Number of protein chains: 2
Amino acid sequence: MNNVGDFLKTNGIKPSYQRIKIYEYLMQNKEHPTVDSIYNALNGQIPTLSKTTVYNTLKIFIDKGIAMAITIDDNEVRYDAWMDIHGHFKCTHCQQVTDFSVDFDGIVGEELLDFDVLERQLFLYGVCKKCKEES
Amino acid sequence: MNNVGDFLKTNGIKPSYQRIKIYEYLMQNKEHPTVDSIYNALNGQIPTLSKTTVYNTLKIFIDKGIAMAITIDDNEVRYDAWMDIHGHFKCTHCQQVTDFSVDFDGIVGEELLDFDVLERQLFLYGVCKKCKEES
DNA sequence: GATTAGTTTGTAATCATTACAAACTGATAA
DNA sequence: TTATCAGTTTGTAATGATTACAAACTAATC
Ligand SMILES: [Mn+2]
Ligand SMILES: [Mn+2]
Ligand SMILES: [Zn+2]
Ligand SMILES: [Zn+2]
């Protein structure tokens with residue numbers, strides 16, 4: 001992607017300064033940031049930024065299908081602009097969320113044969129490699 | 001299970017009236033109720049019941065491993081006393097959450113080889129059979 | 001009956017999210 | 001240019017689920 005503004009435009013989103021910065025932030029910070037961390041990170045560059053704008057913008061991104069919400073924990077919604085199919089692992093020790101590849105073929109039982117499945121989320125929890133080695 | 005009180009005891013939980021009723025409710029109502037729906041359903045039988053007790057009790061159940069929280073949606077935590085491995089499908093039309101069987105073998109990529117995976121949650125979203133037929 | 005630990009309850013506090021309306025911006029047209 | 005207007009951003013207030021906390025209660029033990 002050479003131009004974030006064009007990318008937003010082709011997805012039906014008017015590329016305002018704030019929207020471009022928020023999308024760029026998601027692309028460059030793949031640790032699945034929260035609204036709060038996005039706001040705090042961008043508040044330096046955009047001193048007038050409102051947290052409401054961050055909420056609004058992420059909602060637009062999700063509606064237009066260029067980002068997703070990751071509710072891997074009940075007290076923090078995280079956001080991800082990497083839209084390829086992948087799963088998320090959350091380390092209960094260091095709280096980090098790690099991406100991993102997933103093959104959904106054959107995973108689902110027959111109970112859902114007549115269901116339309118439009119979205120999938122696989123969340124794993126445990127202790128990451130780094131935390132295991134440190135203890 | 002013939003005696004809920006004994007079951008709670010063997011899991012290190014003192015079987016108070018409220019705890020027994022809440023656990024029985026989870027067993028008999030497998031639609032993954034929220035704190036609110038559990039509270040409202042039991043308030044008739046237990047007029048003095050406090051919502052805080054429902055929160056406290058569910059927390060104990062989860063700590064002791066006899067129930068789990070299902071955060072399939074970011075604005076409502078649901079609870080499940082069926083602890084066998086299974087996935088959850090949420091219909092975005094009627095909001096119902098349906099259980100389905102899952103085979104996790106071979107689903108996870110190599111990225112997590114050195115990770116300790118202790119818990120898994122597979123959430124699917126879409127339109128259920130009933131809603132599909134009705135439209 | 002007194003003591004005590006554990007449980008329940010009601011209220012207040014917290015905090016993420018949403019609602020809302022005013023202010024602002026940038027494009028379009030007179 | 002100036003006026004208009006839709007869309008965007010902002011700050012503040014409201015909402016609502018969850019948590020914190022302390023008093024009241026319960027049931028077992030001494
Ligand atoms: Mn991711
Ligand atoms: Mn279930
Ligand atoms: Zn870790
Ligand atoms: Zn449905």
Side-chain angles (χ1 to χ4, degrees), chain A residues 4-6 8-25 32-64 66-79 95 97, chain B residues 4-6 8-25 32-64 66-79 95 97:
Chain A
V4 172
D6 289 347
L8 294 180
K9 254 188 248 172
T10 62
N11 283 280
I13 301 167
K14 202 169 169 182
S16 72
Y17 182 67
Q18 288 87 341
R19 290 169 179 176
I20 289 171
K21 287 295 173 189
I22 291 171
Y23 190 78
E24 282 177 350
Y25 186 82
H32 311 91
T34 62
V35 163
D36 219 57
S37 58
I38 296 168
Y39 172 77
N40 288 323
L42 294 179
N43 205 22
Q45 301 177 55
I46 319 172
T48 64
L49 184 65
S50 160
K51 206 173 275 187
T52 302
T53 299
V54 180
Y55 277 106
N56 290 342
T57 302
L58 291 169
K59 193 184 216 321
I60 292 170
F61 289 174
I62 290 169
D63 288 347
K64 299 295 185 181
I66 66 168
M68 60 171 144
I70 308 288
T71 59
I72 198 169
D73 208 319
D74 50 354
N75 61 340
E76 53 173 18
V77 179
R78 291 160 170 264
Y79 295 87
Q95 315 299 321
V97 174
Chain B
V4 171
D6 289 347
L8 295 180
K9 254 188 248 173
T10 62
N11 282 281
I13 301 168
K14 201 169 168 182
S16 73
Y17 182 67
Q18 288 85 344
R19 288 169 182 177
I20 289 172
K21 286 295 174 190
I22 291 171
Y23 189 76
E24 281 178 351
Y25 186 83
H32 312 91
T34 62
V35 163
D36 220 58
S37 56
I38 296 169
Y39 171 77
N40 288 323
L42 294 180
N43 205 21
Q45 301 177 56
I46 319 172
T48 64
L49 183 64
S50 161
K51 208 174 274 188
T52 303
T53 299
V54 180
Y55 277 106
N56 289 341
T57 302
L58 290 168
K59 194 186 215 323
I60 291 171
F61 289 174
I62 290 168
D63 289 346
K64 299 295 186 180
I66 65 167
M68 61 172 143
I70 308 288
T71 60
I72 198 168
D73 208 319
D74 49 354
N75 60 341
E76 54 173 17
V77 179
R78 290 160 171 263
Y79 295 88
Q95 316 299 318
V97 174

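Because the structure is a prediction, the values reported are computed rather than measured. Throughout, protein chains are lettered first and strands after them, A, B, ... in sequence-line order, and every chain is numbered starting at 1.
- Under the salt bridge (charged side-chain N to carboxylate O under 4.0 Å, His left out) criterion, B:R19 pairs with no residue at all, not counting sequence neighbours.
- Going from atom CD1 of A:I38 over to atom OG1 of A:T53 covers 12.5 Å, rounded to the nearest 0.5 Å.
- Contacts classified as salt bridge (charged side-chain N to carboxylate O under 4.0 Å, His left out) and involving residues 33-62 of chain B (residues at least two apart or in different chains) are given here: B:D36-B:K51.
- Taking atom CD on A:E76 and atom P on C:dT14, their separation rounds to 21 Å, with Å as the unit.
- At whole-Å resolution of the value, CG in B:L58 and P in C:dT8 are 12 Å apart.
- The salt bridge (charged side-chain N to carboxylate O under 4.0 Å, His left out) check on A:D63 picks up nothing, with sequence neighbours excluded.
- Sorted by first and then second residue, the pairs that involve residues 67-76 of chain B and meet salt bridge (charged side-chain N to carboxylate O under 4.0 Å, His left out), not counting sequence neighbours, are B:D73-B:K90, B:E76-B:R78, B:E76-B:K90.
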N/O contacts under 3.5 Å, protein versus nucleotides 23-30 of chain D?
none

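- Residues passing the side-chain hydrogen bond (donor to acceptor under 3.5 Å, both in side chains) test with B:T34, sequence neighbours excluded: B:S37.
- The side-chain hydrogen bond (donor to acceptor under 3.5 Å, both in side chains) test applied to A:S16 returns no partner, not counting sequence neighbours.
- With rounding to whole Å, B:Y17 atom OH is found 16 Å from C:dT9 atom C1'.
- Applying the salt bridge (charged side-chain N to carboxylate O under 4.0 Å, His left out) definition to pairs two or more places apart or across chains, none involves residues 40-50 of chain A.
- You'll find that the side chain of B:Q18 is closest to C:dT8, out of C:dT17, C:dT8, D:dT10.
- For DNA chain C, the residues of residues 48-55 of chain A within the heavy-atom distance limit of 4.0 Å (strictly under) are A:T52, A:Y55, sorted by number.
- Atom NZ in B:K9 sits roughly 17 Å away from atom P in C:dG6 (whole-Å rounding).
- OP1 or OP2 of C:dT8 lies within a sub-4.0 Å distance of a side-chain N or O belonging to B:S16.
- With sequence neighbours left out, B:Y25 forms a ring pair (Phe, Tyr, Trp, His ring centres under 6.0 Å) with no residue at all.
- The NZ atom of B:K59 sits 15 Å away from the C1' atom of D:dC21 (whole-angstrom rounding).
- Among the protein residues, A:D74 comes within range of no part of the nucleic acid, since none of its heavy atoms lies under 4.0 Å from any strand.
- When rounded to the nearest whole Å, the span between CD1 of B:I13 and C1' of C:dT8 equals 16 Å.
- Atom C1' of nucleotide C:dT7 and atom CD1 of B:I20 are separated by 13 Å, given to the nearest angstrom.
- Applying the ring pair (Phe, Tyr, Trp, His ring centres under 6.0 Å) definition to pairs two or more places apart or across chains, those involving residues 34-62 of chain A are A:Y23-A:F61.
- Atom CG in B:N56 sits roughly 10 Å away from atom P in C:dT7 (whole-Å rounding).
- Here the straight-line distance linking atom CD1 of A:I66 with atom CG of A:L58 works out to 9.5 Å at 0.5 Å rounding.
- Of all the residues in residues 36-45 of chain B, not one reaches under 4.0 Å from DNA chain D with any non-hydrogen atom.
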